[in-house]
Amino acid sequence: MRILVDGLDLSGKTTLVTTLIDTLAARRIPAVRHRGMLAEHHPLERLLKRLPLAHQSQSSLITGAYLFGGFALDAVLVHVDPPRTSGAVLIQEGYVDRTTAVGLAGGPYLPAALAMWASRCFATFDLAVFLHASPAVRRARLQTRDRVDVGDLRSVEDEAFADRFNAALLTYLSRRHPSLLVFDTGVHAPQEMAEQILLAAGLVHSARIPRPGPDGLGLPSNEPQPA
């Protein structure tokens, strides 16, 4: 089982992944946090990590390097060299979806446009969880951080960039996954989201599921929910 948690900077990805891991552990279901490429041995991952990823929204070169040198190759390698999880649920924090959305929002850059067109060629997940939050919520989270990079700042200060990112992620890239959940993390608590995710993934048979709001956020779907 592979679950992807993705979204704009300061949308609550790390908090939700941590809550998911803890919730699964409480139910005695082994899980591992994972970042980066899925393949256990990706020949270019170390080189890619030397690139200033925080500046990706300003660079077509960085966008293309990650999309094609990283994720496109990863889609091939993962079939022969999958991540070694010893049967644990893999919780992936960020993947090609975010990188493509940043490239579209920041440019739009040609590599990102090509990646969106061929988005189904990249590795998919059993369940994708896309997060978003209002500018006010993300700005408040920014103020609590000790370290802030240019990516964090742009996601808060440039609302047009954030809108383009969410449009690309929630409207287009969401279609490449077989199952999708979308949450507004300014409305839903981490534990509430975690319970709904476990239920949608079939990892539990019952959960404390609150009634969804009128916008339908939190409901499993094969189509993107409204942002």
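Please read all numbers here as calculations on a predicted model, not as lab measurements. Numbers for residues simply follow the sequence, beginning at 1. Atoms considered below: every heavy atom in the structure, side chains included; atoms not considered: hydrogens, waters and symmetry mates.
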L181 and V187: same hydrophobic cluster, using ILVMFWY side-chain contacts below 4.5 Å?
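Not linked; separate clusters.
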
Do L114 and V76 belong together in a cluster built from hydrophobic side chains that touch within less than 4.5 Å?
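L114 does not cluster with V76.
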
[X] versus [Y], closest heavy-atom pair with distance:
| X | Y | answer |
| --- | --- | --- |
| L173 | A101 | CD1-N, 4.0 Å |
| C121 | A75 | O-CB, 3.4 Å |
| A168 | L104 | CB-CD1, 3.7 Å |
| G64 | P111 | CA-CB, 3.6 Å |

[atom1] of [X] to [atom2] of [Y]: how many Å apart, nearest 0.5 Å?
| X | Y | atom1 | atom2 | value |
| --- | --- | --- | --- | --- |
| N166 | S155 | CG | OG | 10.0 Å |
| R175 | M116 | CZ | CE | 9.5 Å |
| L203 | E195 | CG | CD | 11.5 Å |
| L61 | Q56 | CG | CD | 11.0 Å |

Flag the pair [X] / [Y] as yes when at least one side-chain heavy-atom distance between them is below 4.5 Å, and no otherwise.
| X | Y | value |
| --- | --- | --- |
| L53 | K49 | no |
| L16 | I197 | yes |
| P52 | I62 | yes |
| T63 | V102 | no |
| L77 | L38 | no |
| D184 | V137 | no |

Residue that, paired with D152, satisfies side chain to side chain contact (heavy atoms under 4.5 Å, CB included) out of R138, R145, R141
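It is R145; the other options fail the test.
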
Can you spot which of T19, T23, D22 makes a side chain to side chain donor-acceptor pair (under 3.5 Å) with Q191?
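Result for side chain to side chain donor-acceptor pair (under 3.5 Å) with Q191: T23.
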
Given 3.5 Å as the limit, does a donor-acceptor pair link the side chain of [X] with the main chain of [Y], or not?
| X | Y | result |
| --- | --- | --- |
| T185 | S11 | yes |
| Y109 | S57 | yes |
| K13 | L8 | yes |
| D126 | I3 | no |
| R2 | L90 | no |
| S59 | H55 | no |
| E45 | M37 | yes |
| E40 | D81 | no |

Can you check side chain to side chain contact (heavy atoms under 4.5 Å, CB included) on I91 and V32, steps first, answer last?
CA-CA 6 Å; I91 311 295; V32 294; over 6 Å; no

Determine all donor-acceptor pairs shorter than 3.5 Å in which one atom belongs to a side chain in residues 158-165; sequence neighbours excluded.
from	atom 1	to	atom 2	distance (Å)
D158	OD1	A160	N	3.3
D158	OD1	F161	N	3.0
D158	OD2	R154	NE	3.4
R164	NE	A105	O	2.9
R164	NH2	A105	O	2.8

Determine, stepwise, if the pair L24 / L198 fulfils side chain to side chain contact (heavy atoms under 4.5 Å, CB included).
CA-CA 8 Å; L24 285 164; L198 298 192; 3.4 Å; yes

Does the side chain to side chain contact (heavy atoms under 4.5 Å, CB included) test come out yes or no for D6 and L131, once each step is laid out?
CA-CA 6 Å; D6 218 338; L131 308 179; over 6 Å; no

Side chains of residues 65-73: which donor-acceptor pairs under 3.5 Å do they make with residues two or more places apart or in other chains?
from	atom 1	to	atom 2	distance (Å)
Y66	OH	L48	O	2.8

If you look only at pairs with a residue in residues 90-107, which of them pass as a side-chain hydrogen bond (donor to acceptor under 3.5 Å, both in side chains), with sequence neighbours excluded?
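Checked against side-chain hydrogen bond (donor to acceptor under 3.5 Å, both in side chains) - neighbours excluded - the pairs reaching residues 90-107 are D9-R98, T14-E93, R33-E93, H34-Q92, R35-E93, D74-Y95, D97-R176, D97-H177.
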
Just do the side chain to side chain contact (heavy atoms under 4.5 Å, CB included) check on F183 and E192 with the steps written out, would you?
CA-CA 10 Å; F183 292 103; E192 175 190 344; over 6 Å; no

